[in-house]
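Throughout, residue positions are numbered sequentially from 1 according to the sequence presented. Each ligand, and each atom within it, is numbered from 1 in the order the structure gives.
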Amino acid sequence: MKSIAIIGSGLGGLAAAVLLASSGYKVDVFEKHSYPGGKMKRYHVGGARFDFGPNTLTMPDVFKEIFTVSGANPDDYVQFKKLESHTMNYFADGSTFLSSSDRESMVAQLATFGIRANHYDTYVKSITKLYTHAVNEFFPRTFSSLQEYASLRLLRSISAVKPLTTMHDFHQSFFTDKRIVQMLDRYATYIGSSPYLTPATFAMIGYLEYVDGVYYVPGGNPTIAEAFHKRAQELGVTFHFNEEVTQLHVNEKQTITSLSTKSYEKLHYDSYLLNGDYLTVYPRLVAKAYRPSFTEDRHVKEPTSSAFVILAATNRKTAANHYHQVYFSNDYEKEFEDLFSNKSYPKDPTVYISNSSTVDTTAVANTGGDNLFILVNAPSLTNENRYVDKEDLKNWVYKQLEKKGVFIKEFVIDDLVITPLQLSEEFHSYFGGLYGYTSHSLSQAFNRPATKGKDIKNLYFAGGSTHPGGGSPMVVQSGRNAANLMKKNLK
Ligand SMILES: Cc1cc2nc3c(=O)[nH]c(=O)nc-3n(C[C@H](O)[C@H](O)[C@H](O)COP(=O)(O)OP(=O)(O)OC[C@H]3O[C@@H](n4cnc5c(N)ncnc54)[C@H](O)[C@@H]3O)c2cc1C
């Protein structure tokens with residue numbers, strides 16, 4: 001039986017573990033933390049339960065298919081529930097808009113902004129086209145051969161997805177209302193990028209929110225990672241928690257022969273899958289001489305934005321009474337300039353709050369209040385912004401919310417802050433960024449690290465910093481792509 005080592009039990013590593021084990025391989029997973037799921041993680045603060053990492057869940061079928069392909073019924077492991085009206089948007093001028101995957105609701109609200117239904121329908125037609133190209137031509141590719149890069153269908157698709165128009169310009173071509181454009185432009189932050197620099201291709205995220213739908217998992221979104229872990233164990237995968245891999249040993253034929261961890265010396269496998277951050281963990285584990293194609297990456301690739309997060313348990317219900325709500329800044333362009341050009345916290349930040357207790361009261365069974373996941377986009381780490389005064393910044397965020405009419409601080413039972421530096425230390429995330437590097441240039445957007453690098457014969461990659469991208473469904477797809485390619489090459 002061929003053997004595979006997976007380094008990291010994030011969503012990408014877990015998805016690959018399930019698929020490889022169900023195809024008959026012996027799979028060992030090494031994870032430096034004590035739990036499966038990586039950034040998809042539960043917290044308990046002040047008696048309330050919180051989801052860290054993915055709060056906005058889309059594309060449930062991508063998750064479910066991992067169970068189906070492995071021969072199991074996904075419904076036996078995890079339930080996905082749709083939030084039809086999912087995100088309340090609060091604009092700086094006091095107006096609001098409740099985003100929904102129900103066309104009638106969207107059309108009725110847009111009418112109050114003076115926007116006609118046919119404009120919305122034209123927009124939806126266009127994002128549907130973008131999405132269809134992406135799902136058929138980009139997501140499942142592993143970019144492991146020249147033929148894949150040179151595929152005519154791929155080239156046709158690339159030209160159809162408007163790579164030379166920015167997301168902001170794309171949205172402006174459908175809507176003149178600045179607030180609606182701002183609401184749509186926010187999707188660039190789902191890939192840690194700026195809408196003023198990101199190709200319109202990524203406007204397809206709108207398709208997920210307005211057509212396909214936004215979901216949540218009762219019991220908390222990390223149930224997905226726990227369910228993958230359970231399925232993997234049923235299929236015989238061995239998990240080694242609290243076991244950081246410290247080195248991958250490469251021979252003169254550019255093949256990995258073994259790995260070492262803090263407690264094991266030279267464990268041998270046929271193939272290796274790295275799920276830890278490609279941009280930071282790969283160079284730690286593989287000596288420089290064996291990875292000539294990589295060497296420059298760190299210095300030339302612009303990191304994605306990071307996040308300053310507060311998990312606040314309150315003793316009563318607050319004004320943040322939707323599952324997802326966004327309190328927009330007045331000057332969005334300035335906000336992204338601060339984040340990406342000045343590498344500083346925006347003076348007037350947009351604040352996102354997730355309150356899963358609005359639909360899942362089990363999260364606050366002990367408190368009866370809210371479980372608020374409060375996120376402000378943060379710059380990637382530099383020497384200047386590396387250390388922040390957590391308490392000061394937290395109080396500043398509460399103050400910003402108070403200016404917008406949302407009072408939280410006085411009702412807090414307990415709160416916990418997670419900074420970009422913590423993200424970088426805990427998950428080795430690239431300069432604290434959430435999704436590897438930005439999609440601001442064509443090469444960064446369309447040439448993400450492939451499922452298999454050029455340098456080492458039996459090493460594969462899956463996770464948010466690789467192809468096809470950073471959101472949790474894409475990460476699961478990356479695990480699936482890696483499993484498929486490994487199976488093909490191990491035959
Ligand atoms: C604040 C925040 C908000 C987010 N919001 C959303 C959202 O709303 N929707 C969405 O879809 N996505 C969201 N994401 C992104 C999503 O969480 C990630 O894309 C996804 O969870 C990443 O999975 P991954 O497989 O890349 O690995 P990770 O979760 O990064 O896990 C990699 C694992 O590898 C382990 N590891 C690393 N190096 C080693 C080593 N040497 N030895 C052993 N183990 C190692 C790490 O400990 C970690 O557990 C968010 C992320 C964050 C941080």
With nothing but distance in play, are any N or O atoms of [X] less than 3.5 Å from an N or O of ligand 1?
{"X": "Val309", "result": "no"}
{"X": "Ser472", "result": "yes"}
{"X": "Val475", "result": "no"}
{"X": "Phe427", "result": "no"}

Looking at Tyr437, does the NZ or CZ of Arg448 lie under 6.0 angstrom from its six-membered ring centre and within 45 degrees of the ring axis?
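That pair qualifies as a cation-pi contact.
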Tell me whether the guanidinium CZ or amine NZ of Lys452 lies under 6.0 angstrom from the six-membered ring centre of Tyr460 and within 45° of its axis.
yes
Taking C-beta and beyond as the side chain, do Thr318 and Leu372 meet within less than 4.5 Å on heavy atoms?
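Yes, side chains in contact.
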Atoms of ligand 1, numbered as shown, that sit under 4.0 Å from any heavy atom of [X]:
{"X": "Glu243", "answer": "43 (C)"}
{"X": "Gly38", "answer": "29 (O), 31 (O), 48 (C), 49 (O)"}
{"X": "Gly470", "answer": "15 (C), 18 (C), 19 (O)"}

Does ligand 1 have any atom sitting under 4.0 Å from a heavy atom of [X]?
{"X": "Tyr435", "result": "yes"}
{"X": "Gly37", "result": "yes"}
{"X": "Pro473", "result": "yes"}

Taking Tyr43 as the fixed residue, which of Phe50, Phe52, Phe373 is the one that meets the ring-ring contact (aromatic ring centres under 6.0 Å, His included) rule?
Phe52
Could you tell me which non-hydrogen atom of Phe308 sits nearest to which non-hydrogen atom of Ala378, and how far apart they are?
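Heavy-atom minimum between the residues: N-CB, 3.9 Å.
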Would Lys41 and Glu426 count as a side chain to side chain contact (heavy atoms under 4.5 Å, CB included) here? Give the steps.
CA-CA 12 Å; Lys41 173 179 182 182; Glu426 201 174 324; 2.5 Å; yes
